[in-house]
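As the structure is a computational prediction, the values presented were derived from the model and not from experiment. Just follow the structure's listing: the first ligand is 1, and inside any ligand the first atom is 1.
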Amino acid sequence: MLLDILTYPNPELLKLSKSVEKFDKTLHTLLDNMAETMYHANGIGLAAPQVGHKLRVFVIDIAIEEGAEKQLYEFINPTISCGSGSITFEEGCLSVPGFSEEVKRKEKIQIDFQDRFGKPQTLMAEGLIAVAIQHENDHLDGILFVDRLTPIRRRMAKKKLAKTVTL
Ligand code: QAP
Ligand code: CO
């Protein structure tokens, strides 16, 4: 089932999400619907608060090129540690449609999380997947990529968004 994606400046996007405690059918349905919604919108990442669920959950699939094999990652209750290096990437967001800007993030990270069955997992990530993980993890803390821009670019972004947004 396709879910509605909340868009900027919806205040729900700025709230803190809660840890998942039950790894049940309800969670699995949410994960399945999030993946379907992300693929349908041609996104490479989607976090639960973007679809109105304040839960520490996100999905990522960076293999979006035509014909590329799908590789879906599901992250529940993630914590990022051991960041190193830096990478600047032109980011967008399904909740900020039609807008993109360069954001500087860690180049390599370690992420500890749980899978859909509650089993603890660890992943070392670098490059685009590391960028996507940091971007989606920010959503769980109510942070949007426009909040990660340099102060000058952030002011320009907010001006531009204020013009394009229909309230
Ligand atoms: C986050 O972003 C991300 O404006 C996921 O018109 C961004 O999927 C991770 C999208 C960059 C890593 C690098 C945005 C689709 C999708 C738009 C997205 C749009 C259509 C953004
Ligand atoms: Co986003």
Side-chain angles (χ1 to χ4, degrees), residues 2-18 30-80 83-111 113 123-150 153-154 156-167:
L2 287 178
L3 307 171
D4 286 328
I5 300 174
L6 307 182
T7 54
Y8 179 93
N10 192 315
E12 289 299 311
L13 292 169
L14 308 180
K15 295 183 179 172
L16 189 71
S17 288
K18 291 190 172 66
L30 174 64
L31 284 162
D32 294 344
N33 289 339
M34 283 174 60
E36 187 184 345
T37 304
M38 173 181 74
Y39 288 126
H40 181 261
N42 291 317
I44 59 171
L46 184 69
Q50 293 179 272
V51 289
H53 294 264
K54 291 194 283 297
L55 288 171
R56 304 193 76 80
V57 171
F58 57 82
V59 294
I60 288 175
D61 190 339
I62 57 165
I64 39 144
E65 289 116 80
E66 283 274 308
E69 210 166 302
K70 282 193 174 69
Q71 194 177 358
L72 183 69
Y73 289 91
E74 298 175 335
F75 297 91
I76 297 147
N77 300 333
T79 52
I80 293 174
S84 70
S86 84
I87 181 171
T88 301
F89 196 89
E90 174 134 8
E91 297 190 16
C93 178
L94 290 173
S95 291
V96 194
F99 182 81
S100 64
E101 260 292 357
E102 285 188 347
V103 182
K104 192 172 147 189
R105 301 199 185 260
K106 296 275 186 252
E107 211 261 332
K108 285 186 185 181
I109 52 162
Q110 177 180 316
I111 182 169
F113 61 103
L123 187 76
M124 306 295 291
E126 61 179 278
L128 179 56
I129 179 101
V131 170
I133 289 169
Q134 291 168 83
H135 175 115
E136 299 311 329
N137 194 65
D138 270 353
H139 278 297
L140 310 185
D141 295 323
I143 299 167
L144 298 175
F145 79 99
V146 284
D147 298 316
R148 294 281 187 205
L149 306 178
T150 60
R153 281 177 178 269
R154 185 164 177 232
M156 292 195 296
K158 298 253 151 149
K159 265 193 192 173
K160 192 177 166 197
L161 287 168
K163 276 187 187 163
T164 51
V165 146
T166 45
L167 289 171

Check: Asp147 side chain, Leu144 main-chain N or O, donor-acceptor pair, under 3.5 Å: yes

Taking atom 15 (C) of ligand 1 as the reference point, the nearest protein heavy atom with its distance: Leu94 CD2, 3.6 Å

query: Is there a donor-acceptor pair under 3.5 Å between the side chain of Gln134 and the backbone N or O of Ala130?
result: yes

- prompt: Under the 3.5 angstrom rule, does the side chain of Asp61 hit a backbone N or O of Gln71 as a donor-acceptor pair?
  reply: yes

task: Pull out every atom of ligand 1 sitting under 4.0 Å from any heavy atom of Glu91, numbered as shown with elements.
output: 11 (C)

message: Please determine whether a side-chain nitrogen of the Lys or Arg among Glu91 and Arg105 lies less than 4.0 Å from a carboxylate oxygen of the Asp or Glu.
response: yes

message: Using the rule side-chain contact (heavy atoms from CB on, under 4.5 Å), only one of Leu123, Ile133, Val59, Ile62 pairs with Tyr73; which is it?
response: Leu123

- request: Among Lys18, Lys15, Arg56, find the residue that satisfies the salt bridge (Lys or Arg N to Asp or Glu O under 4.0 Å) test when tested with Asp141.
  value: Arg56

- request: Determine, stepwise, if the pair Thr88 / Glu102 fulfils side chain to side chain donor-acceptor pair (under 3.5 Å).
  value: CA-CA 6 Å; Thr88 301; Glu102 285 188 347; 5.7 Å; no

- prompt: Considering all heavy atoms of both residues, which atom of Pro78 and which atom of Phe113 are nearest to each other, and what is their separation?
  reply: CA-CB, 3.9 Å

- line: For Glu136, the atoms of ligand 1 under 4.0 Å from one of its heavy atoms are 1 (C), 5 (C)

Heavy-atom side-chain contact between Leu3 and Met34 under 4.5 Å: yes

field: Contacting atoms of ligand 1, where contact means under 4.0 angstrom from a heavy atom of Ala132
entry: 9 (C), 12 (C)

- request: Verify side chain to side chain contact (heavy atoms under 4.5 Å, CB included) between Lys163 and Lys160, making sure each step is shown before the conclusion.
  value: CA-CA 5 Å; Lys163 276 187 187 163; Lys160 192 177 166 197; 5.9 Å; no

message: Let's test this: below 2.8 Å, count the protein N/O/S atoms around the Co ion (ligand 2).
response: 3

query: Hey, is CD on Glu90 packed in by over 12 heavy atoms from elsewhere, all under 6.0 Å?
result: yes

task: Between Cys93, Ala41, Ser95, Ala47, flag the one that comes closest to atom 14 (C) of ligand 1 by a heavy atom.
output: Cys93

message: Can you confirm, on distance only, whether ligand 1 has an N/O atom lying under 3.5 Å from any N/O atom belonging to Pro97?
response: no

field: Atoms of ligand 1 close to Gly45 [distance to a heavy atom under 4.0 angstrom, numbered from 1]
entry: 5 (C), 8 (O)

query: Below 3.5 angstrom, do we get any N/O pair linking Gly98 and ligand 1?
result: yes

task: Distance to 0.1 Å, residue and atom name: give those for the protein heavy atom nearest to atom 2 (O) of ligand 1.
output: Gly92 O, 3.4 Å

query: Which ligand 1 atoms does Gly43 reach within 4.0 Å, using its non-hydrogen atoms?
result: 8 (O)

task: Tell me which protein heavy atom sits closest to atom 8 (O) of ligand 1, plus the residue, atom name and distance to 0.1 Å.
output: Ile44 N, 2.8 Å

field: Quiz item: cation-pi between Lys70 and Tyr39, 6.0 Å / 45°
entry: yes

query: Which one holds for Phe89 and ligand 1: side chain close, backbone close, both close, or neither close, with close meaning a heavy atom under 4.0 Å?
result: side chain

